[in-house]
Amino acid sequence: MRRSGFTFNRIAHCAPPQIWFGVSAVFHYLGPSFAVLLFPAVGVLGVAWMRIASAATIFAPWTRPWRTIKDADRRTRWLLTGLGACLAVMNTSFYLALDRLPMSLVAAMEFVGTIGVALFGLRTVRNLAALAVAVLGVLLLIDVKWSSDQYGLFWAVLNGALFVGYIVLGHKISERGASGGVERLGAAMAIAFLFIIPIGFVQALKAFGAVELVLAGIGVGVCSSVIPYVCDQLAMSRLPRTSFALMLALLPATATIIGAIILAQIPSVRDVTGVLLVMLGIAIHKPAALEASR
C-alpha cells in the first residue's frame with residue numbers, strides 16, 4: 001500500500017485539482033441516476049446497502065482498513081467513525097430524497113448547506129462575487145419551487161446537512177496528502193458498511209437472485225462511492241476547503257445535465273441559464289493559498 005499510496009500523491013499532482021473535482025462532480029450524480037433506475041427492483045434502502053457494501057469491498061484489498069484503524073490514534077479513530085456514520089446516513093437519506101424529488105432540486109439543496117463553508121474564509125471581493133453568481137445560478141435551478149412532498153424535503157435537508165459534514169471530515173482526512181486520505185477513506189467506508197448492514201440488508205436480498213441486479217449494484221457503488229470519493233481526496237489534498245465548497249456549486253449543474261440524459265428530466269431555458277451562471281461563478285473564483293484554510 002505504501003507504493004500505491006505514493007502513486008495517489010503523484011496522481012493528485014498530474015492534473016489541476018479542478019479536473020479531479022470535475023470528474024467527481026460528474027460521477028456524483030451519474031451513479032445515483034443509475035441507482036434511481038434500480039429502485040423499483042431492489043428498493044431504495046437495498047440500493048443504498050449495495051452501494052456502500054460494494055464500495056467497501058472494492059476499497060478493502062488496497063486500502064486495508066483493518067490496518068488503518070489498528071494503527072490510528074484515538075482521535076483519528078473517532079474521525080473515521082464520524083466519517084463512516086456520515087457516509088452511511090448521508091447516502092441513505094440521499095436516495096430516499098431522490099425517490100421523491102427531482103435530482104436537480106436535491107442537488108441544489110446540497111449546495112445550500114455548503115454556502116456557509118464557502119463563505120468562511122472568503123477574503124476578496126472577487127471571490128464574494130463568484131459566490132454570488134454561483135448562488136444566483138443555483139436559485140434559478142431550484143426555481144424557488146419547493147416540493148410539497150414533506151418527507152422528500154426532510155431527507156433532502158438531512159442529506160444536505162450531512163454533506164457539509166462530509167466536506168469537513170473529508171478535508172480533515174486529506175490533510176496528510178491524497179495517499180493518506182484514500183487510506184482513511186477506505187477505513188471510513190468499511191465503518192459505513194457496519195452502520196448500513198441493519199438498514200438495507202433485507203431489501204438488498206431481492207437482488208441476490210439475479211446476476212444482472214448484483215452487477216448493477218456494484219456498478220452503482222463504483223460510480224457513486226469509489227470514483228467520486230477518491231477524486232474528492234485528490235482535489236481536497238490540494239484545494240482550500242473554501243474553494244472546494246464553492247466549486248460544489250457545480251453539482252446542481254451536473255445533476256441537471258445528467259438528469260436530462262439518463263432520467264429524461266429535460267432542463268428548461270431557466271435551468272440552462274442557471275447552469276451557465278454556476279459555471280461563470282466557478283470561473284471567476286480564485287483559490288486562496290491552501291494553508292489559509294487549515
Side-chain angles (χ1 to χ4, degrees), residues 1-31 55-56 58-65 67-69 71-72 75-76 79-80 82-84 86-87 90 110 114 117-118 120-121 127 130 163-192 221-251 253-254 279 282-283 285-294:
M1 180 60 194
R2 296 300 174 191
R3 186 175 180 179
S4 63
F6 175 67
T7 301
F8 276 114
N9 278 338
R10 291 179 59 187
I11 291 174
H13 288 81
C14 285
Q18 292 84 355
I19 297 296
W20 298 123
F21 180 87
V23 175
S24 172
V26 170
F27 279 94
H28 189 82
Y29 291 109
L30 184 61
I58 292 169
F59 274 120
W62 46 282
T63 62
R64 300 179 183 178
R67 187 182 68 181
T68 301
I69 296 172
D71 294 342
R75 177 177 174 275
T76 303
L79 173 63
L80 295 176
L83 180 57
C86 180
L87 289 172
M90 179 182 73
E110 278 189 329
T114 67
V117 180
F120 182 79
N127 285 350
F163 194 55
V164 174
Y166 164 71
I167 296 168
V168 174
L169 297 177
H171 235 283
K172 209 67 178 165
I173 67 171
S174 74
E175 287 182 345
R176 297 181 184 177
S179 313
V182 172
E183 278 189 352
R184 293 179 180 85
L185 175 61
M189 193 60 69
I191 294 172
V222 171
C223 291
S224 301
S225 293
V226 177
I227 295 176
Y229 289 166
V230 168
C231 287
D232 280 349
Q233 285 302 307
L234 297 177
M236 285 178 175
S237 66
R238 297 182 58 198
L239 281 174
R241 185 184 301 162
T242 299
S243 297
F244 187 87
L246 177 58
M247 291 183 69
L248 290 169
L250 279 175
L251 296 185
T254 55
M279 295 175 67
I282 299 303
H285 172 257
K286 182 179 181 180
L290 180 60
E291 292 79 8
S293 70
R294 292 184 176 170

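Throughout, numbering of the chain's residues begins at 1 and tracks the sequence.
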Closest non-hydrogen atom pair, [X] against [Y]:
| X | Y | result |
| --- | --- | --- |
| Gly186 | Pro65 | O-CB, 3.8 Å |
| Met90 | Tyr166 | SD-CB, 4.0 Å |
| Val23 | Cys231 | CG1-SG, 3.6 Å |
| Pro228 | Cys223 | CD-O, 3.2 Å |
| Trp20 | Ala15 | NE1-O, 3.7 Å |
| Gly181 | Gln233 | CA-OE1, 3.2 Å |

Quiz prompt | Verdict with reasoning, Thr76 to Arg184, per side-chain contact (heavy atoms from CB on, under 4.5 Å) | solution = CA-CA 9 Å; Thr76 303; Arg184 293 179 180 85; 4.2 Å; yes

Just verifying a value: how many Å separate [X] [atom1] and [Y] [atom2], rounded to the nearest 0.5 Å?
| X | Y | atom1 | atom2 | value |
| --- | --- | --- | --- | --- |
| Met236 | Glu175 | CE | CD | 11.5 Å |
| Arg75 | Leu79 | CZ | CG | 6.5 Å |
| Ile191 | Cys86 | CD1 | SG | 12.5 Å |

Quiz prompt | Pairing residues for Ser24 by the side-chain hydrogen bond (donor to acceptor under 3.5 Å, both in side chains) criterion, not counting sequence neighbours | solution = Asp232

Quiz prompt | Min side-chain heavy-atom separation Val222-Ile58 under 4.5 Å | solution = yes

Practice problem: Report the relative orientation of the aromatic rings in Trp62 and Phe8; use parallel for angles under 30°, tilted for 30 to 60°, perpendicular for over 60°. | Solution: parallel

Practice problem: Apply side-chain contact (heavy atoms from CB on, under 4.5 Å) to Ala12 and list each qualifying residue two or more places apart in sequence or on a separate chain. | Solution: Ala178, Leu234, Ser237, Arg238

Quiz prompt | side-chain contact (heavy atoms from CB on, under 4.5 Å) assessment of Leu185 paired with Thr63 | solution = CA-CA 8 Å; Leu185 175 61; Thr63 62; over 6 Å; no

